[in-house]
Undergrad: 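I'd like to ask some things about the structure below.
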Protein chains: 2
Amino acid sequence: MSAPVSQRTRGRLSRERVATAALELADADGLEALSMRTLADRLGVGTMTLYGYYRNKDELLDAVVDAAMEDGEGGAPPLEGDWREQLRGLVLKARRNLLQHPSLVELRVRRPVLRPEALRFSETALGILRGAGLDVREATAAFRLLFTYTFGFAALSPAESTEEDRRAALAALAALPPNEYPALTEAREEASMAMGGEEVFEYGLERILDGLEVRLGR
Amino acid sequence: MSAPVSQRTRGRLSRERVATAALELADADGLEALSMRTLADRLGVGTMTLYGYYRNKDELLDAVVDAAMEDGEGGAPPLEGDWREQLRGLVLKARRNLLQHPSLVELRVRRPVLRPEALRFSETALGILRGAGLDVREATAAFRLLFTYTFGFAALSPAESTEEDRRAALAALAALPPNEYPALTEAREEASMAMGGEEVFEYGLERILDGLEVRLGR
DNA sequence: ACCTGAACACCGTTCAAGT
DNA sequence: ACCTGAACACCGTTCAAGT
């Protein structure tokens, strides 16, 4: 903060500064709000200046993924316990990172992410599953299940569903003919409330871990 | 086909014809290819003509969801067997529909879908889970798990991954330092091949059903 | 009544020009 | 060397005008 960095670097850009600003913009206002024009404006430069740092928007988005993943690395304690506790810890850590950087999910839905930083999650999960006794093929499929659930939940169950969203969901459910939709009618409170709750996420995670335990033993 | 429909209706539009054409366009070329201009062109009318049938693009997209869901209704045999077989049958039916209409997934990721047609899946799943003995709250959470997995897999594991995609994935995995990514290096063939395969999907589904069975009994 | 071109406020990106 | 305005080919949508 108060380090003797040259004042002259204040306004200067770098690939890193551009990527960080892009990540902040995307996380705050959603990926659709991240346009080259808006980002350049926010950085106080002309739009085309950004193309001096990144060849195109796709390349910038890759850097945004990297920035978000690096952010998720630090701080967490190493994984402990048996395979189940380790997997739970890993998934919950990934979920925390996805909640902090919703743009990661949007980016991943648009195209597969193959950046080394982003593959750390895969590596760790695969390692735990192999260590627990699954062969390469089954460990890969089991990883896919955990990955799909974690990212899918973030993509499909909006964490910050506004009161308005919830009311709209409840209204839609209340408008259904009860004789055609008896189960949904009965469950409409729960269905409209708990869409993105942590409790619901963790319930599903434990069922998945139960399912893996059936194959792996304790 | 050869019914005596007035020739004059040939070029005439209707809400339904517009929605059907939009669905075809989105399924064939992806949701991002569905623009009001492109759609109007394909229908041989001026762009603004479409606004005579739908107030705006959002309203048209709702109609696209409806058209895709109706398409998934017919034909399938009623669900049979115990709760596990019924859930498996329901999920696989939903998956088939999502594969046929990839735009459904893209639309669902963008915003919650609350159309009655789209809620039939929820209704049926909830009914099976309640019938199996779960209370309202737990049945809702279990449904969320099944829904997240089914839609998440479709959103995150491209079914039609081209040879080129697979090669890009393999290349990215091969470029990782093996000492830092031992498990991914060992599994890189499986990881790059099986991303979206039906086998992988069904493996995960069976683990989820196993996990529910732990709570439900046979 | 039904349809639509022009226009506006947005995109990403190319190109040629500024310093 | 570094930066950037104008321009092009796209968006969704409003508005005023055509038949």
Undergrad: Describe the nucleic acid contact of A:Tyr54 in one word from base, sugar-phosphate, nothing, applying a heavy-atom distance below 4.0 Å.
TA: nothing

Undergrad: Which nucleotide in the set D:dT4, C:dT13, C:dT4 lies at the smallest distance from any side-chain heavy atom of A:Val45?
TA: D:dT4

Undergrad: Using side-chain contact (heavy atoms from CB on, under 4.5 Å) as the criterion, list what pairs up with A:Glu59, not counting sequence neighbours.
TA: A:Arg15, A:Tyr54, A:Arg55, A:Asn56

Undergrad: Quickly work out the B:Lys57 NZ to D:dT13 C1' distance and round it to whole Å.
TA: 12 Å

Undergrad: Return a table of donor-acceptor pairs under 3.5 angstrom between the side chains of residues 37-51 of chain A and protein atoms on other chains or two or more places apart.
TA:
{"unit_1": "A:Thr38", "atom_1": "OG1", "unit_2": "A:Ser35", "atom_2": "OG", "d": "2.8"}
{"unit_1": "A:Thr49", "atom_1": "OG1", "unit_2": "A:Gly46", "atom_2": "O", "d": "3.2"}

Undergrad: In chain order, what residues pass the side chain to side chain donor-acceptor pair (under 3.5 Å) check against A:Glu32, with sequence neighbours excluded?
TA: none

Undergrad: According to side chain to side chain donor-acceptor pair (under 3.5 Å), who are the partners of A:Arg188, at least two apart in sequence or on a separate chain?
TA: none

Undergrad: Extract all donor-acceptor atom pairs below 3.5 Å that involve side chains of residues 167-181 of chain B and protein atoms in other chains or at least two apart in sequence.
TA:
{"unit_1": "B:Tyr181", "atom_1": "OH", "unit_2": "A:Pro116", "atom_2": "O", "d": "2.9"}

Undergrad: Under the ring pair (Phe, Tyr, Trp, His ring centres under 6.0 Å) criterion, do A:Phe201 and A:Phe153 qualify, and how do the steps go?
TA: CA-CA 7 Å; A:Phe201 178 77; A:Phe153 199 93; 5.1 Å; yes

Undergrad: Of all residues at least two apart in sequence or in a different chain, which pass the ring pair (Phe, Tyr, Trp, His ring centres under 6.0 Å) check with A:Phe151?
TA: A:Phe147

Undergrad: Stems in DNA chain D: runs of 3 or more consecutive Watson-Crick or G-U pairs, distances under 3.5 Å?
TA: C:4-8 with D:12-16, C:12-16 with D:4-8

Undergrad: Taking side-chain contact (heavy atoms from CB on, under 4.5 Å) as the test, write out the residues that go with B:Ala183, two or more places apart.
TA: A:Glu123, A:Leu126

Undergrad: I need a per-nucleotide contact map over nucleotides 14-19 of chain D, read 5' to 3'. Cutoff is protein heavy atoms under 4.0 Å; write B for the base, S for backbone only, - otherwise.
TA: BB----

Undergrad: Just jot down the side-chain contact (heavy atoms from CB on, under 4.5 Å) partners of A:Ala155, sequence neighbours excluded, or say none.
TA: A:Val105, A:Val109

Undergrad: Could you identify which residues of residues 25-42 of chain B place a heavy atom less than 4.0 Å from some atom of DNA chain C, listed by residue number, or say none?
TA: B:Arg37

Undergrad: Just N and O in the side chain of A:Tyr53: are any of them under 4.0 Å from OP1 or OP2 of D:dC2?
TA: no

Undergrad: Run the side chain to side chain donor-acceptor pair (under 3.5 Å) test against B:Asn97 and tell me which residues pass, sequence neighbours left out.
TA: none

